[in-house]
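Below: one structure, written as structure tokens.
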Amino acid sequence: MTGPRMTPQTIAVLRVLLEDATTPRYGLDIARQAGLKTGTLHPILARLQEAGWIESYWEDPADHEDQGRPRRRYYRFTGSGATAACQAIARAEATATTGRPLGLHPQPGH
């Protein structure tokens, strides 16, 4: 499974979702925890969903109408999404540390 480009913002979103990979989180909550504006967050969520890493659903209207707030859209990992996210974060961190993608090693004598 290929995934989205691992920007610092994307990694921040994935880390928030990985805090409890089985619990759905709504957009504003993810934005606050990741330290992002919603205008930055939603394109990231759309790319993660397009890659098949997360899925989303709207809450039942009865859950928000009584509270007088807008309806929330919840996001959660797909079956393989959390694993893909962990692997992508590890690759991004390895690249940041070594300057090379994971698995690439310098040739002897170079």
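Quick caveat: nothing in here was measured; it's all calculated off a predicted structure.
- Taking hydrophobic clusters as Ile, Leu, Val, Met, Phe, Trp and Tyr residues chained together by side-chain heavy-atom distances below 4.5 Å, L45 does not share a cluster with Y74.
- Expressed to the nearest 0.5 Å, how far CZ of R15 lies from CD1 of I89 amounts to 5.0 Å.
- With hydrogens and angles disregarded, no donor-acceptor distance shorter than 3.5 Å links the side chain of Q49 to the backbone of I54.
- Looking at T7 and I11, their side chains never come closer than 4.5 Å, going by heavy atoms from C-beta outward.
- Note that CZ of R71 is 16.0 Å distant from OH of Y26, once rounded to the nearest 0.5 Å.
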**Stepwise salt bridge (charged side-chain N to carboxylate O under 4.0 Å, His left out) test for R73 and E59** = CA-CA 6 Å; R73 187 171 186 172; E59 74 179 330; over 6 Å; no
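- P24 approaches T22 most closely through the heavy-atom pair CD-O, 3.5 Å.
- Here the options are D29, I30, L36, the test is side-chain contact (heavy atoms from CB on, under 4.5 Å), and the partner is Q33; only D29 passes.
- Between T23 and L17, every side-chain heavy-atom pair lies at or beyond the 4.5 Å cut-off.
- A heavy-atom distance below 4.5 Å is found between the side chains of L48 and P4.
- Inter-residue side-chain proximity for R5 and T10 is flagged as unmet; no heavy-atom pair is nearer than 4.5 Å.
- Nearest approach of G27 to L41, heavy atoms of both residues: O-CD2, 3.0 Å.
- L18 approaches A85 most closely through the heavy-atom pair CD1-CB, 4.3 Å.
- Taking the six-membered ring where tryptophan is involved, the planes of H42 and Y75 are tilted, since the angle between them lies from 30° to 60°.
- The heavy-atom pair separating A88 from W53 by the smallest distance is CB-CH2, 3.5 Å.
- Side-chain atoms of S80 and T83 form no donor-acceptor pair, as typed in the model, at a separation below 3.5 Å.
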**Verdict with supporting geometry, L28 and R72, side chain to side chain contact (heavy atoms under 4.5 Å, CB included)** = CA-CA 9 Å; L28 187 56; R72 292 176 176 162; over 6 Å; no
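- In this structure, the side-chain contact (heavy atoms from CB on, under 4.5 Å) partners of E55, at least two apart in sequence or on a different chain, are R76, T78.
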